[in-house]
Amino acid sequence: MPVQLLRIVRGKSETPLPSHLQKEDLRHLQEHFDHTNKYFQGIVILTYPLTKLGDGTDFFKVVLQDLDNSCSRINSINILIYGKMAEDCAKVIRHGDTFVVAGFKLAKSPTAREDGRHGCHLEVSEEAGSAIYSVAPKYVYTPLNHLKDGTIVNLYGVVKFFKPPYVSKGTDYCSVVTLVDPSNVKLTCTLFNGNLDSLPKIYKVGDIVRFHRIKIREYNGQMQGITSGGFASLTFDGTVGAPVVPRTSSKVYTFMDEEQKTIEELRIWAASNLSVSGPAAKLSGVQPMLFFDLTCQLVGKAKVDGSSFLLKVWDGTKCPYPTWKVPVEAKDLEGEKVLLHQLRNLTVDILVYDNHVQLAKSLKIGSFLRIYSIHTKQGSADSEHVSHIEFHLHGGTCYGRGIGVLPESNLDVKELK
DNA sequence: TATTAGGGTTCG
C-alpha cells in the first residue's frame, strides 16, 4: 500500500510510522548523506497536474513545506512521484494536507535556481520501495447554529429532506440536502458533482452525513451550503444500533472512535427529535391519490416518447387494485422475456417524465431502486378499461421526487429479496 | 475552473 492514512494528534501518531523511520530535517537533506530509514514531513503548498513522461510513466510533482523551518529562506522542497504512486497520490493529495515521504532518492534539483526551493528534490516510486503517508488533520466540526457566510467548514447533520441526485441543467448532477442537528438549526445544501458517485449516498430521511470542506454562503437571509473544491462526504444509516459503516466514494478517509461516537449520539438525538416516518409503502398497501416512496426491483424498461419513459418494477407484494399497463411496442421493451411474463401480475408500470427520463434510461435491469414521491392516480373506468390505478413520477424534483439506485447490501433490499 | 439550484407534489 503505497499511500497510507496516518493520523497524528499533537505530534504523536495514533497509527505509528514503522519504528525504524526517523524524521529528517529539511536542512539535513543533502547529497551524500544516508537517508535510509529517514522520512521527511511537510505540508502541501503546491501541486502540479498529473502528467505522463515521454516513456508513458505517470508523473506527479508536489511541493512540501517544512513547518519546522518555515522562517528559513529555503523552507520547501520538490517531491517527484513516478508511476503507479503518482496516480495514487494525485487522487488524494490536496493543498494544505500534511504528508510523510519515506524511502526517497535524493537528487540535485535542476530548478532550484528558478523556484528558490531546496537545492535537491526527492524522487519516490513504488519500484524504489518508497512510501507516502497522509497525515490526517484533526478535523473541527461546526454546529449548524455557528455557521458564517463565506467560510468553508466541516459539519455533521441528520438528513431532514433530500433530493436524490438528478441531472442539472448545467454540466453536473445535483442533489439538495437539508440537515438539522441538536442546535435545531436547519441547513439546506445544494451539492454538485459531475460524478454521481461523489455525491452523498443518502437513501432516506434520518440518514446521517458528515461533510468535509463545504462552503457556507448566505442566500435569501439564510445560510446555505454548497460544494467547494475539496468537498467529501460520508453517509450513515440513522437507525439507533445499526452498524456504523460509512457510505462513501472516497478511497481515503478518516474515521476514528471519536467519529463513531458522534454518529451514535446523533442517532439518539434524531430518534426523539426528528420524524422519519416517510411515505414509504408496499405495492400491497398503495392507495389511490397519494404520493409515496417505493423500494423495488427493475424488471423491464421501455421508451414511450420523448418526454416519458416506462419502468416495470415489483416489490414482491401484489397491488390490490387493477393496475394500468402502459402500451409500448414489444421491440422497445428491455428485460428478460421469461421473467416479465412470470411476474406479469406482480409488476407495475411506472411512467417517469421529463428530467427523470435520462436517469431512468441508464438504469440496469435487475437493479434495486427507490423511487421517491411516486404519484398514484385513479384512472376512471370506461368502455375499454376497468377502473385502474396509475403510477406517475412527474417531472421536476419537488418533495425529493426522483430515482435512487440502492446497493445490494442495503437493508431494505435484503428485506425485498 | 463558469454553471447547475437555491426543498414544499401533477401537462401526462
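For the numbers below, each heavy atom of this structure counts, side chains included, while hydrogens, waters and symmetry mates do not. All chains are named by letter (A, B, ...) in the order of the sequence lines, taking the proteins before the strands, and each is independently numbered beginning at 1.
- The separation of B:dG6 from B:dT10, taken at their C1' atoms, amounts to 22 Å, rounded to a whole angstrom.
- Paired with A:R247 under the rule salt bridge (charged side-chain N to carboxylate O under 4.0 Å, His left out), one option of A:D237, A:D207, A:D197 passes, and it is A:D207.
- Nucleic acid contact for A:H375: base, since at least one base atom lies under 4.0 Å from a heavy atom of the residue.
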>> What verdict does the salt bridge (charged side-chain N to carboxylate O under 4.0 Å, His left out) test give for A:D293 and A:K204, after you've listed the backbone C-alpha separation in whole Å, the side-chain angles of each residue and the deciding distance to 0.1 Å?
In response: CA-CA 10 Å; A:D293 299 343; A:K204 53 168 71 164; over 6 Å; no
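- B:dG8 has its base syn relative to the sugar, with a glycosidic angle deviating from 0 by at most 90°.
- If you find the closest nucleotide of DNA chain B to A:S308 and to A:T227, the one lying nearer the 5' end belongs to A:T227.
- Atom CG of residue A:L416 and atom CG of residue A:N410 lie 9.5 Å apart, to the nearest 0.5 angstrom.
- Of the options A:F162, A:F161, A:Y399, a ring pair (Phe, Tyr, Trp, His ring centres under 6.0 Å) to A:Y372 is made by A:F162 and by none of the others.
- Taking the six-membered ring for Trp and the full ring otherwise, the centers of A:H212 and A:Y141 sit less than 6.0 Å from each other.
- Counting heavy-atom neighbours within 6.0 Å of A:K105 NZ, excluding the residue itself, gives a total of 12 or less.
- If you check every strand for non-hydrogen atoms under 4.0 Å, A:L351 touches nothing.
- Across all strands shown, A:G395 has heavy atoms under 4.0 Å from base atoms, whether or not it also approaches the sugar-phosphate.
- By the neighbour-count criterion of 12 heavy atoms within 6.0 Å, atom CD of A:E336 is sparsely surrounded, having that number or fewer from other residues, nucleotides or ligands.
- Within residues 163-174 of chain A, the residues approaching DNA chain B are A:K163, A:Y166, A:S168, A:K169, A:G170, A:T171, A:D172, A:C174, by heavy-atom distance under 4.0 Å.
- For the pair A:Q222 and A:Y353, nearest-nucleotide mapping onto DNA chain B gives the more 5' position to A:Q222.
- Across all strands shown, A:D354 has heavy atoms under 4.0 Å from base atoms, whether or not it also approaches the sugar-phosphate.
- Mapping heavy-atom proximity under 4.0 Å, the span of DNA chain B touched by chain A runs 5' to 3' from B:dA2 to B:dG12.
- A salt bridge links A:E258 with A:K138: the closest approach of a Lys/Arg side-chain nitrogen to an acidic carboxylate oxygen falls below 4.0 angstrom.
- Shown here are the salt bridge (charged side-chain N to carboxylate O under 4.0 Å, His left out) partners of A:D97, two or more places apart in sequence or in another chain: there are none.
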